[in-house]
Asker: 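Quick one: the structure is below, questions incoming.
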Amino acid sequence: MHKLVESKMIVPNIFLLTLEAPAVAREVKPGQFVILRVEEDGERIPLSVADWDRVKGTITIVLMNVGYTTDKLASLKAGASIPTVVGPLGNPTEIDKFGTVLCLGGCYGMGSLFPIVRGLKEKGNRVVAVLEARSSYLFYWEKKFEEISDRVFYITRDGSRGYPGHVGRLPEIIKFSGESVDRMIINGCTFLLKRGSDVSRESGIKTIVSLNPIMIDGTGMCGVCRVTVGSSTKFACVDGPDFDGHQVDWKELLQRRKMYLEEEIVPLRTSRCEEHKKESR
Ligand code: FES
């Protein structure tokens with residue numbers, strides 16, 4: 001069993017969990033993920049590791065509450081235990097001396113982007129972080145990013161902080177910054193990964209995205225995480241999760257991610273109704 005050391009909502013619908021997982025904490029590297037089960041016979045969900053403490057043997061994950069299992073996870077309090085934490089899984093993000101790296105993160109992806117930025121800085125890169133959200137109140141860890149990045153830019157859909165709009169503002173931000181970007185790394189929802197890759201394709205900046213397809217075993221056995229990259233079929237869990245964003249078949253990935261939407265959402269609604277019924281008895 002893995003004890004939850006900390007559990008809190010950091011911005012609406014985004015939760016931070018720190019849990020005991022010494023074997024994972026010992027080995028994990030930026031860009032890797034774990035597979036969790038909240039119940040013995042529950043659904044397995046992949047979650048990127050956002051930070052770790054090798055001495056204390058803990059890992060931190062940032063997740064968005066989107067369905068039955070994430071809702072269960074988000075509702076757990078510190079002191080509760082989780083039966084399964086498998087990892088670290090997937091290949092670490094390539095961290096090398098690239099020059100200037102633009103790191104784009106949104107939603108839960110700001111969490112998993114943080115150790116990548118830290119690793120890139122430790123390697124001597126210049127790092128420009130760009131954080132994207134619907135509104136200013138949805139940003140978190142800004143101080144942490146500002147402390148370790150060379151520059152941080154913000155984009156908000158409603159214009160409440162930084163550049164108004166969406167990731168389509170990137171070329172403008174790059175131009176304004178005067179930076180010559182050698183590589184771009186994107187963490188976040190599939191939509192952000194796709195839009196970021198579309199934007200950088202025009203400027204020819206090599207772009208690495210951390211894919212987040214549905215997964216079951218996370219070890220290359222089930223084929224559920226299948227994605228098409230270039231002309232090849234890849235398994236995101238063992239071949240990725242990082243891939244060249246300009247080579248990913250986004251249409252296929254977006255369709256596959258929606259495959260079990262009903263199964264994720266309906267039990268969430270039903271379980272909440274059951275809880276309400278119990279409370280009103
Ligand atoms: Fe089963 Fe990747 S999750 S092959």
Side-chain angles (χ1 to χ4, degrees), residues 2 17 19 21 23-25 27-50 52 59-73 82-94 107-109 111-113 115-116 185-194 197 207-265 267-268:
H2 301 269
L17 304 182
L19 53 125
V24 180
E27 303 291 337
V28 67
K29 294 190 176 70
Q32 289 188 296
F33 64 93
V34 289
I35 285 193
L36 302 188
R37 270 195 311 194
V38 192
E39 300 153 318
E40 285 286 356
D41 55 355
E43 179 195 20
R44 301 150 192 245
I45 54 165
L47 293 166
S48 300
V49 181
W52 51 86
I59 58 168
T60 297
I61 51 181
V62 174
L63 68 110
M64 183 161 68
N65 184 354
V66 285
Y68 177 77
T69 303
T70 47
D71 191 58
K72 283 246 164 205
L73 252 181
I82 296 170
T84 312
V85 179
V86 178
L89 297 168
N91 299 298
T93 296
E94 186 187 1
C107 197
Y108 51 83
S112 54
L113 189 67
I116 295 170
I185 296 175
I186 316 177
N187 275 217
C189 68
T190 308
F191 186 68
L192 181 76
L193 306 180
K194 179 187 180 306
S197 300
T207 298
I208 304 298
V209 292
S210 175
L211 296 190
N212 44 16
I214 296 165
M215 292 189 187
I216 295 181
D217 66 301
T219 58
M221 308 273 280
C222 69
V224 167
C225 66
R226 179 170 61 80
V227 290
T228 304
V229 182
S231 53
S232 313
T233 296
K234 301 280 183 191
F235 290 163
C237 64
V238 288
D239 299 320
D242 287 2
F243 293 100
D244 181 340
H246 300 158
Q247 300 290 320
V248 173
D249 182 337
W250 294 106
K251 194 173 167 208
E252 178 193 64
L253 178 61
L254 285 160
Q255 272 170 358
R256 286 179 65 82
R257 272 195 59 84
K258 280 194 267 178
M259 259 180 357
Y260 297 107
L261 204 55
E262 201 171 322
E263 285 81 353
E264 285 171 22
I265 301 297
L268 175 62

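We count residues from 1, following the sequence as given. We count ligands from 1, going down the list as the structure has it; atoms in each ligand are counted the same way. Quantities reported herein were computed from a predicted structural model and do not represent experimental measurements.
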Asker: About how many Å separate CG of Leu47 and CE of Met215, when rounded to the nearest 0.5 Å?
Answerer: 10.5 Å
Asker: Using every non-hydrogen atom in the two residues, find where Gln32 and Pro88 come nearest and quote the distance to one decimal.
Answerer: OE1-CB, 3.5 Å
Asker: Note the single closest protein heavy atom to atom 3 (S) of ligand 1, along with its residue, its atom name and the distance in Å.
Answerer: Gly218 N, 3.3 Å
Asker: Distance under 4.0 Å to a non-hydrogen atom of Gly220: what atoms of ligand 1 satisfy this?
Answerer: 4 (S)
Asker: When you measure from atom 1 (Fe) of ligand 1 to the N, O or S atoms of Cys237, does any of those distances fall below 2.8 Å?
Answerer: no
Asker: Which ligand 1 atoms, with their elements, are less than 4.0 angstrom from a heavy-atom of Cys225?
Answerer: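 By the 4.0 Å cutoff, the relevant atoms are 2 (Fe), 3 (S), 4 (S).
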Asker: Which ligand 1 atoms are under 4.0 Å away from a heavy-atom of Ile216?
Answerer: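 Result: 3 (S).
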Asker: From Asp239 CG over to Asn91 CG, what is the distance, rounded to the nearest 0.5 angstrom?
Answerer: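 Here the rounded value is 7.5 Å.
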Asker: Against heavy atoms of Met221, which atoms of ligand 1 measure under 4.0 Å?
Answerer: 4 (S)
Asker: Would you say the side-chain atoms of Trp52 pair up with the backbone N or O of Glu27, donor to acceptor, closer than 3.5 Å?
Answerer: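 Checked: no pair found.
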Asker: Within the 4.0 Å heavy-atom shell around Cys222, which atoms of ligand 1 are there?
Answerer: 1 (Fe), 3 (S), 4 (S)
Asker: Could you tell me the separation between the CD1 atom of Ile61 and the CZ atom of Phe33, rounded to the nearest 0.5 Å?
Answerer: 13.0 Å
Asker: At what distance, to the nearest 0.5 angstrom, does CD1 of Ile82 lie from CD of Glu40?
Answerer: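 Between Ile82 CD1 and Glu40 CD, I get 12.0 Å after rounding to 0.5 Å.
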Asker: Backbone N or O of Val224 within a donor-acceptor pair of the Arg256 side chain at under 3.5 Å?
Answerer: yes
Asker: Looking at Met215, which atoms of ligand 1 are within less than 4.0 Å of one of its heavy atoms?
Answerer: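 Close to Met215: 3 (S).
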Asker: For N/O/S atoms only: which one belongs to Asp217 and is nearest atom 1 (Fe) of ligand 1?
Answerer: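 Per the distance ranking, Asp217 contributes OD1 as its closest N/O/S atom to atom 1 (Fe) of ligand 1.
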Asker: Among all protein heavy atoms, pick the one closest to atom 4 (S) of ligand 1 and tell me residue, atom and distance.
Answerer: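 For this ligand atom, the closest protein heavy atom is Gly223 N, 3.1 Å.
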